[in-house]
Asks: 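The structure follows.
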Number of protein chains: 2
Amino acid sequence: MRPISPAPRPQLGTPATGMAALAVPDPCAHCDARPVSVCSALEEKDLHRLAALAEVLEVAPGKTFIAEGEKPEHFFNVTGGTARLYKLLPDGRRQITGFARQGHFLGLAVGEANAFSAEALEKVWVCRFSRTRLRQVLDDFPAFERRLLGTAANELVAAQEQMLLLGRKTARERVASFLLAQARPLRPCDAPPGRFHLPMTRTDIADYLGLTIETVSRTMTRLKTEKLIALPSPAEVVLLDRARLESLAGGFEEERF
Amino acid sequence: MRPISPAPRPQLGTPATGMAALAVPDPCAHCDARPVSVCSALEEKDLHRLAALAEVLEVAPGKTFIAEGEKPEHFFNVTGGTARLYKLLPDGRRQITGFARQGHFLGLAVGEANAFSAEALEKVWVCRFSRTRLRQVLDDFPAFERRLLGTAANELVAAQEQMLLLGRKTARERVASFLLAQARPLRPCDAPPGRFHLPMTRTDIADYLGLTIETVSRTMTRLKTEKLIALPSPAEVVLLDRARLESLAGGFEEERF
DNA sequence: CGTTATCTTGACGTACATCAAATGTCGTGG
DNA sequence: CCACGACATTTGATGTACGTCAAGATAACG
């Protein structure tokens, strides 16, 4: 059988439980997520239009701020922290479809129901926008809509890459791909760090890669013994041989000895 | 090891090989793909703007009209036939990320290179647009861009559903999901047919579902012996018990006997 | 420092892959 | 119309990568 993660059923975070609204004066003007967000499509002078709609919220770890199947009322922009996006099967099997970091725009999905749930992995900050009201702003700024289309296209590319991973890569290739993706900086122009922190648990990684925690753990320790990576602690990763990891992740033939 | 399909390396279709330009007067005006395409975002009176850019092409079966890794020069709109969209690993493992049918818009991916290849499964008709020139038309019609965003969002939802399938569903659940998806009509309002034709081979199905042809075949014959489907011929499918197929596809507990 | 959750490691099981061969299916030409 | 070849599909026997079950070992925390 397929693995069933002991993932708890989602508990919806409401403003009363786990989501605190922060009173921030002129939030967009000095938002450090702006350069990596769709918001940068707006000029400085138009920023107040956005700021007027934005509710700045803090989501506590473990709290769900988007629930699969519910009617989507808001758009979100993640300004800090990391969230997991996932879908569940009725028996509890979970597939994490992505992790949302700073700059990630959520809630594009049209239609009657959210296609996935979003849950704070660690403390998360989001800007929340009413769908209907943001819709109006969008109509006034075609550049914003164009930017949104660009991010959607990028996400589509990432989704296709993930399908290749889930459908055709081995556990080793999946873990290598994952680690390299985690090492990718927010802005592509920046150099990727050789050492970084994993905010998610092994269970999250497993549910993202279509594996079990045991397989993830075993694969990581094997990469460690082969000196491709180091693990100062379970959540700290050091990439020791990026070239071989890249070749592994890309699905190149394993070199024989 | 993961399965390696004997998928031939892509051979790029050029106008000289496998892609025939058709001289069609006023192509958009009586295009039967329009109601299900992004083109319907334009009003009748503006349609000539689009028609002026559209090249109507016929792609022969097996010909590639988008090549992964190449610089994207065009957008495509599929007006007839079916194409497979896929990614390859260097050793030939293939993941089909989707099948493009009538109304499917291709080439959204921004960036330097196509994220996937597209190949005609059977004879395919496409409208081809120069990227730069369509870009200009898009600027004049925000409704068109909005519609594009809508389709991108829909594709994203489909991609997430497919990740759930690839990461967490059993072979049985995958095949059931696939058959039900194939039975879905082009316009959601239409009733789904109980009997339909599969334009793709078992190899295509396997590469789409992250399985091997043997597993696909075995799973289909098992569904047949269990009277959930009938297969008058390998490519003809009849859904005999849609309810149980839906429950299987949705990942509900298998009923015990 | 217990207590508890997370991670690692080992022994074993299984769903699906692989290898191999039989059986359609279909277009082509005699 | 039928024989033939090429290829797609089905079916069977066997292998294995990864899942499951079960302890331990670490790390996190009040």
Side-chain angles (χ1 to χ4, degrees), chain A residues 1-8 61-62 91-95 121-122 165-176 197-225 229-237 248 251 254, chain B residues 1-8 61-62 91-95 121-122 165-176 197-225 229-237 248 251 254:
Chain A
M1 261 314 271
R2 298 273 137 183
I4 300 184
S5 311
D91 63 0
R93 279 174 283 171
R94 183 176 71 161
Q95 179 65 37
L121 247 173
E122 50 191 350
L165 179 149
L166 292 169
R168 289 303 183 217
K169 288 187 183 176
T170 66
R172 239 165 110 67
E173 291 163 349
R174 292 182 202 201
V175 170
H197 177 81
L198 294 177
M200 66 290 286
T201 67
R202 295 287 187 268
T203 305
D204 288 328
I205 299 173
D207 285 350
Y208 180 55
L209 299 179
L211 301 169
T212 58
I213 36 173
E214 292 93 333
T215 298
V216 170
S217 179
R218 273 187 256 269
T219 306
M220 299 258 276
T221 54
R222 182 158 161 225
L223 293 177
K224 188 172 70 175
T225 60
I229 62 172
L231 296 169
S233 86
E236 290 295 317
V237 182
L248 235 183
E254 290 274 334
Chain B
M1 262 312 270
R2 298 274 137 183
I4 300 183
S5 310
D91 63 0
R93 279 173 285 171
R94 183 176 71 161
Q95 179 65 37
L121 247 172
E122 49 191 350
L165 180 148
L166 292 170
R168 288 304 183 216
K169 288 188 183 175
T170 66
R172 239 167 109 67
E173 292 163 349
R174 292 181 202 202
V175 171
H197 179 81
L198 294 176
M200 67 289 286
T201 67
R202 295 286 186 270
T203 304
D204 289 327
I205 299 173
D207 285 349
Y208 180 55
L209 299 179
L211 300 170
T212 58
I213 35 171
E214 293 93 334
T215 299
V216 170
S217 179
R218 273 187 255 270
T219 306
M220 299 258 275
T221 54
R222 182 156 162 229
L223 293 178
K224 188 172 70 175
T225 59
I229 62 171
L231 296 169
S233 87
E236 290 296 317
V237 182
L248 235 183
E254 290 274 336

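Every chain is numbered from 1, with letters handed out A, B, ... down the list of sequences.
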Asks: To the nearest 10 degrees, how far apart in direction are the end axes of the helix from C:dT8-D:dA23 to C:dG30-D:dC1, each fit to five base pairs?
Replies: 40°
Asks: In whole Å, I'd like the distance from the CD1 atom of A:I4 to the P atom of C:dT14.
Replies: 16 Å
Asks: Provide, to the nearest angstrom, the distance between the CG atom belonging to A:L209 and the P atom belonging to D:dG19.
Replies: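 Spelled out: CG on A:L209 to P on D:dG19 is 10 Å.
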Asks: Please report the distance, rounded to the nearest Å, between CZ in A:R168 and P in C:dC16.
Replies: 13 Å
Asks: What pairs with A:E122 under side chain to side chain contact (heavy atoms under 4.5 Å, CB included), at least two apart in sequence or on another chain?
Replies: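 Expected list: A:T82, A:P199.
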Asks: Quick one: list whatever passes side-chain hydrogen bond (donor to acceptor under 3.5 Å, both in side chains) with A:T215, sequence neighbours left out.
Replies: A:T212
Asks: Quick one: list whatever passes side-chain hydrogen bond (donor to acceptor under 3.5 Å, both in side chains) with B:T219, sequence neighbours left out.
Replies: none
Asks: Quick one: B:L211 CG to C:dT18 P, roughly how many Å, whole number?
Replies: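 Distance, rounded to whole Å: 11 Å.
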Asks: Taking CD1 from A:I205 and P from D:dC18, how many angstroms apart are they, rounded to a whole number?
Replies: 16 Å
Asks: Within this structure, what is the CD-to-P distance between A:E173 and D:dA17, rounded to whole angstrom?
Replies: 12 Å
Asks: In whole angstroms, how far is the C1' atom of C:dC16 from the CG atom of A:L166?
Replies: 17 Å
Asks: Short question: side chain of A:R202, backbone of A:P234 - any donor-acceptor pair under 3.5 Å?
Replies: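 It does hold such a pair.
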Asks: Can you name the residues that form a side-chain hydrogen bond (donor to acceptor under 3.5 Å, both in side chains) with A:R168, not counting sequence neighbours?
Replies: B:D207
Asks: For the CE atom of B:M220 and the CD1 atom of B:I229, what is their distance to the nearest 0.5 Å?
Replies: 5.5 Å
Asks: Please give, in whole Å, the distance from C:dT14 C1' to B:R172 CZ?
Replies: 16 Å
Asks: Please figure out whether A:S233 or A:G210 has its closest DNA chain D nucleotide nearer the 5' end.
Replies: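 Closest to the 5' end, via its nearest nucleotide, is A:G210.
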Asks: Could you tell me the separation between the CG atom of B:L121 and the OG1 atom of B:T201, rounded to the nearest 0.5 Å?
Replies: 7.5 Å
Asks: Does B:E173 reach the main-chain N or O of B:T170 with its side chain, forming a donor-acceptor pair under 3.5 Å?
Replies: yes
Asks: For every nucleotide of nucleotides 3-12 of chain C, 5' to 3': is a protein heavy atom under 4.0 Å from its base (B), only from its sugar-phosphate (S), or from neither (-)?
Replies: ----SBBBB-
Asks: Tell me whether B:R174 contacts the main-chain N or O of B:L166 through its side chain, where contact means a donor paired with an acceptor under 3.5 Å.
Replies: yes
Asks: Could you check A:P232 against A:R174 and say which one's nearest nucleotide on DNA chain D is further toward the 5' end?
Replies: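 Residue closer to the 5' terminus by nearest nucleotide: A:R174.
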